[in-house]
Amino acid sequence: MPECLIRIVSQLTHTRRSVAVIEKHASPSANLGGFFGLAGDSDNKYHRKSFDYWVGGHHVNERFHGWNKSQHDGKYTRCFVFKNVSAAERLYGFLCRPKTDDENYEMCVLVLYAEKKKWKTDTAELERAKAMINDPDVLAALRDPKLFTKGEGKKK
């Protein structure tokens, strides 16, 4: 059993961007394992459409966004969220550049699901996502060559 499993949930062959999910990790913050297993689920379809928009380079703030340096003292500039406002759902993650041979390739690695309970962003969720940016198991799974050939990267 891998200690960490990351799976690409967007287009595997896109040349510039992808969205991946931490499917397995020891941290309880990584709670998306199996979240995208229900292909008929309407919320699932909504999020996948949002992934398509982001991977395609579209800016749809109602569906996803990051945080810039002027927000929260610049602490969360690598964090990212996909959101379904009508369902009060948020998928928090972080942005990275996992391909050593292509520094322009960008990936959003989703870490956790949360329900939106108030108007302002819950920075505790951002802290949980941010904690995974330098996690050794996550970094090892992102370096697994099978991530970009088979769609799954593992740290064993």
Side-chain angles (χ1 to χ4, degrees), residues 1-14 16-98 105-139 141-142 147 151-155:
M1 282 287 230
E3 292 179 27
C4 181
L5 171 64
I6 295 177
R7 184 168 54 96
I8 294 178
V9 292
S10 65
Q11 306 166 30
L12 180 59
T13 59
H14 196 276
R16 289 283 172 231
R17 282 184 166 173
S18 62
V19 178
V21 171
I22 298 176
E23 285 277 328
K24 181 176 174 27
H25 193 279
S27 171
S29 294
N31 67 2
L32 286 170
F35 186 81
F36 291 101
L38 304 171
D41 182 45
S42 63
D43 289 339
N44 187 337
K45 288 180 183 177
Y46 182 90
H47 289 299
R48 287 187 183 277
K49 185 65 175 175
S50 296
F51 301 162
D52 288 344
Y53 285 140
W54 183 76
V55 167
H58 303 281
H59 299 281
V60 188
N61 196 49
E62 300 82 41
R63 288 180 176 252
F64 52 82
H65 65 81
W67 285 265
N68 63 39
K69 290 178 183 178
S70 69
Q71 298 168 303
H72 306 289
D73 297 322
K75 289 171 51 176
Y76 306 111
T77 57
R78 290 185 56 196
C79 291
F80 203 80
V81 66
F82 283 93
K83 53 191 181 176
N84 183 340
V85 174
S86 65
E89 291 182 327
R90 300 295 187 268
L91 304 177
Y92 290 95
F94 62 89
L95 301 174
C96 64
R97 302 207 181 262
Y105 186 88
E106 186 173 37
M107 177 181 277
C108 179
V109 180
L110 297 175
V111 175
L112 66 113
Y113 167 90
E115 290 183 13
K116 182 79 171 194
K117 297 177 182 157
K118 57 185 180 177
W119 178 251
K120 289 188 173 193
T121 298
D122 183 351
T123 55
E125 307 297 0
L126 295 176
E127 285 293 331
R128 289 180 184 100
K130 184 180 172 184
M132 293 293 172
I133 292 173
N134 294 312
D135 181 276
D137 292 342
V138 170
L139 293 173
L142 287 171
L147 180 61
E152 289 188 354
K154 299 175 184 176
K155 192 283 183 180

With a 4.5 Å limit on heavy-atom distance, are the side chains of [X] and [Y] in contact?
| X | Y | answer |
| --- | --- | --- |
| Lys154 | Lys24 | no |
| Pro98 | Tyr105 | yes |
| Tyr76 | Glu127 | yes |
| Glu89 | His47 | yes |
| Ile22 | Leu32 | no |
| Trp67 | Val81 | yes |

Could you give the distance from OG1 (Thr77) to CD (Gln71), rounded to the nearest 0.5 Å?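 It is 10.5 Å, given to the nearest 0.5 Å.
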
Cation-pi between Arg17 and Phe51: NZ/CZ under 6.0 Å from ring centre and within 45° of the ring axis?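 Judged by the rule (NZ or CZ under 6.0 Å from the ring centre, within 45° of its axis), Arg17 is not positioned above Phe51.
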
Could you tell me which non-hydrogen atom of Cys108 sits nearest to which non-hydrogen atom of Leu95, and how far apart they are?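 For Cys108 versus Leu95, the nearest heavy atoms are CB-CD2, 3.8 Å.
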
Ring centres under 6.0 Å, that's the criterion: do Tyr113 and Phe35 meet it?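 Yes.
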
Can a donor-acceptor pair be found, under 3.5 Å and without considering hydrogens, that links the side chain of Glu23 to the backbone of Gly34?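 A pair under 3.5 Å: yes.
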
Mind checking whether Trp54 and Phe80 have parallel, tilted or perpendicular rings, split at 30° and 60°?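 Correct class here is tilted.
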
Tell me which donor-acceptor pairs under 3.5 Å the side chains of residues 128-135 have, and how far apart each pair is, sequence neighbours excluded?
residue, atom, partner, partner atom, Å
Arg128, NH1, Ala124, O, 3.4
Arg128, NH1, Glu125, OE1, 3.1
Lys130, NZ, Lys75, O, 3.1
Asp135, OD1, His25, NE2, 3.0
Asp135, OD1, Asp137, N, 2.9
Asp135, OD1, Val138, N, 3.0
Asp135, OD2, His25, NE2, 3.3

